[in-house]
Asks: 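Can you keep this structure in mind? I'll have questions shortly.
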Amino acid sequence: MEKKLRLVSSVISSSVLAVVFVTVITISGETYAPLKNWLASTFTHHWLGKSVLTAGVFVIVTIILTIIPYRETSTSFSLGRRIQRLNLVTVVATAALVGFFIYHYYFV
Amino acid sequence: MTTVLATNLIAHVLFGVVGTIVYYMVWRDGLKKQPNIRWLQGLSLTGTISYVLAWISGGYYYLTHYGSTVKPIIKAGAYPWAHSVIMEAKEHVFFFLPILAILVMLLWWLLPNEMQQEPKLKQAAAGLSGIISLVGMAMIFSGIVISGAVR
């Protein structure tokens, strides 16, 4: 059971990181052209670069958090609280991306 | 547009719609007092696979056709915001869906007893399924707006 709790706990953490990563790299890429150009030149297209890096962040962070030795202290109650925080992060990130593109189109 | 691209676009739409409908069902049925675990495991697996396939098929269409052919038409037309706001937001917010769907699927597959016994966990997972479903609906609506802006 501890292994299953640890895997789910790791995926919650990597999900939060992936959601924040997408938001940060997207807004940064739109406001700092060299970053978007680097993504486009390295991965042939900036969107493909974001896809690969987002999947990479999600998978690598999950693997690292799952295999590093530590005593898992998560309970089903604490997982619920962390998922609630993930829900909040996702709503804020979605609003930030939509708000950013509205701002970028109408005011920049 | 070639037949391969058209098929790819249709597949993207279908996978996205299936994923969204299925995650609405995961949201609705996950809130029941006695949820049917096998049913929710099957739904969450189906929804997750659908979103991953929507990511791959949509990505192929976006990279090989949309940017070079559709985007310039929209930007030169009467509704340039359909690309600059709607499509830009859609193509980035979409990244959240497969990732969050994998988490919900793992919850129902790895922790079925905890999902039944711990109300906090069940409610949080249902909330996450609801967010996936609502964002998916926004994706579908965005796709309709973008398609309309090309005509």
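Here the structure is a predicted model, which means the values were calculated and not measured.
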Asks: Against chain B, label A:Ser51 side chain, backbone, both or neither, depending on which of its atoms sit under 4.5 Å from a heavy atom there.
Replies: both

Asks: Quick check for you: to the nearest 0.5 Å, what is the distance between A:Leu79 atom CG and B:Glu114 atom CD?
Replies: 8.5 Å

Asks: Under 6.0 Å between the ring centres of B:Phe95 and A:Trp47?
Replies: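 Yes: the rings meet the under 6.0 Å criterion.
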
Asks: Using a cut-off of 6.0 Å, state whether more than 12 heavy atoms not belonging to B:Tyr79 lie near its atom OH.
Replies: no

Asks: Examine B:Ile56 and B:Val17 and state if one hydrophobic cluster contains both, with Ile, Leu, Val, Met, Phe, Trp and Tyr joined whenever side-chain heavy atoms are less than 4.5 Å apart.
Replies: no

Asks: For B:Tyr62, is it the side chain, the backbone, both or neither that has a heavy atom under 4.5 Å from a heavy atom of chain A?
Replies: side chain

Asks: Is B:Leu14 reachable from B:Ile144 through a run of I, L, V, M, F, W or Y residues, each pair having side-chain heavy atoms under 4.5 Å apart?
Replies: no

Asks: Let me know if B:Pro80 has heavy atoms under 4.5 Å from chain A in its side chain, its backbone, both or neither.
Replies: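 Answer is both: backbone and side chain atoms of B:Pro80 are under 4.5 Å from chain A.
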
Asks: Going hydrophobic residue to hydrophobic residue with side-chain gaps under 4.5 angstrom, can you get from B:Val52 over to A:Val59?
Replies: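 No: no chain of side-chain contacts under 4.5 Å links B:Val52 to A:Val59.
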
Asks: Could you check which of B:Trp109, B:Phe94, B:Phe96 has the highest count of heavy-atom pairs closer than 4.5 Å to chain A?
Replies: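 Max contact count across the listed options: B:Phe96.
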
Asks: Does a side-chain heavy-atom distance below 4.5 Å link A:Glu30 with B:Glu88?
Replies: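 The answer is yes, as the side chains (C-beta and beyond) meet within the 4.5 Å cut-off.
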
Asks: What part of B:Leu63 is in contact with chain A, defined as an atom under 4.5 angstrom from a non-hydrogen atom: side chain, backbone, both or neither?
Replies: side chain

Asks: Checking B:Trp55 against chain A: side chain, backbone, both or neither under 4.5 Å from a heavy atom?
Replies: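 It is both, since atoms from each part get that close.
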
Asks: Within a 6.0 Å radius of atom CD1 on A:Ile60, are there more than 12 heavy atoms belonging to other residues, nucleotides or ligands?
Replies: no

Asks: By a 4.5 Å heavy-atom criterion (distance strictly below it), what part of A:Leu86 contacts chain B: side chain, backbone, both, or neither?
Replies: side chain

Asks: Below 4.5 Å from any heavy atom of chain B, which atoms of A:Val19 appear? Answer side chain, backbone, both or neither.
Replies: both

Asks: To the closest 0.5 Å, what do you measure between CD1 (A:Ile83) and CD (B:Gln123)?
Replies: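 Those atoms lie 12.0 Å apart.
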
Asks: Mark yes when over 12 heavy atoms from residues, nucleotides or ligands other than B:Tyr24 sit less than 6.0 Å from its OH; otherwise mark no.
Replies: no

Asks: Checking B:Ala125 against chain A: side chain, backbone, both or neither under 4.5 Å from a heavy atom?
Replies: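 For B:Ala125, the backbone is the part near chain A, not the side chain.
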
Asks: Could you tell me which portion of B:Ile99 (side chain, backbone, both or neither) has an atom closer than 4.5 angstrom to a non-hydrogen atom of chain A?
Replies: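 Both parts, backbone and side chain.
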
Asks: Quick check: is A:Tyr103 connected to A:Val92 through a chain of hydrophobic side chains (ILVMFWY, heavy atoms under 4.5 Å apart)?
Replies: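 The answer is no; the residues belong to distinct hydrophobic clusters.
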
Asks: Counting heavy-atom pairs closer than 4.5 Å to chain A, which one of B:Leu134, B:Ile131, B:Leu106 comes out on top?
Replies: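 Looking at each of B:Leu134, B:Ile131, B:Leu106 in turn, B:Ile131 comes out on top.
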
Asks: Of the listed residues (A:Ser15, A:Ala18, A:Ser76), which shares the most heavy-atom pairs with chain B below a 4.5 Å separation?
Replies: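 With the most close heavy-atom pairs to chain B, the winner is A:Ser76.
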
Asks: Between atom CG of B:Leu107 and atom CD1 of A:Ile12, what is the distance when rounded to the nearest 0.5 Å?
Replies: 6.0 Å

Asks: Between A:Phe100 and chain B, with a heavy-atom cut-off of 4.5 Å, which part of the residue counts as in contact: side chain, backbone, both or neither?
Replies: neither

Asks: Any sub-3.5 Å donor-acceptor pair from A:Asn87's side-chain atoms to B:Ala124's backbone N or O?
Replies: yes

Asks: How about B:Arg28: does its CZ atom have over 12 heavy atoms from other parts shown lying under 6.0 Å from it?
Replies: yes

Asks: Do the ring planes of B:His92 and A:Phe101 sit parallel (below 30°), tilted (30 to 60°) or perpendicular (above 60°)?
Replies: parallel

Asks: If I measure from the heavy atoms of chain B, does A:Phe77 come under 4.5 Å with its side chain, its backbone, both, or neither?
Replies: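 Both the backbone and the side chain of A:Phe77 come within 4.5 Å of chain B.
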
Asks: Can you tell which part of B:Leu103 gets under 4.5 Å to a heavy atom of chain A, answering side chain, backbone, both or neither?
Replies: both

Asks: Less than 4.5 Å to any heavy atom of chain B: does that hold for the side chain of A:Arg82, its backbone, both, or neither?
Replies: neither

Asks: Using the rule given for side chain to side chain contact (heavy atoms under 4.5 Å, CB included), can you reason through A:Phe58 versus B:Ile102, listing the C-alpha separation, both sets of side-chain angles and the distance that settles it, and then say yes or no?
Replies: CA-CA 11 Å; A:Phe58 180 69; B:Ile102 288 171; 3.9 Å; yes

Asks: Out of curiosity, does A:Leu88 fall in the hydrophobic cluster containing B:Ile132 (side-chain heavy atoms, cut-off under 4.5 Å, transitive links)?
Replies: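 No, no single cluster joins them.
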
Asks: Give a yes or no on whether A:Tyr105 atom OH has more than 12 heavy-atom contacts from other residues, nucleotides or ligands under 6.0 Å away.
Replies: yes

Asks: Give, for atom CZ of A:Arg81 and atom CG of B:Leu121, the distance between the pair rounded to the nearest 0.5 Å.
Replies: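 Taking CZ in A:Arg81 and CG in B:Leu121, the distance rounds to 13.0 Å.
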
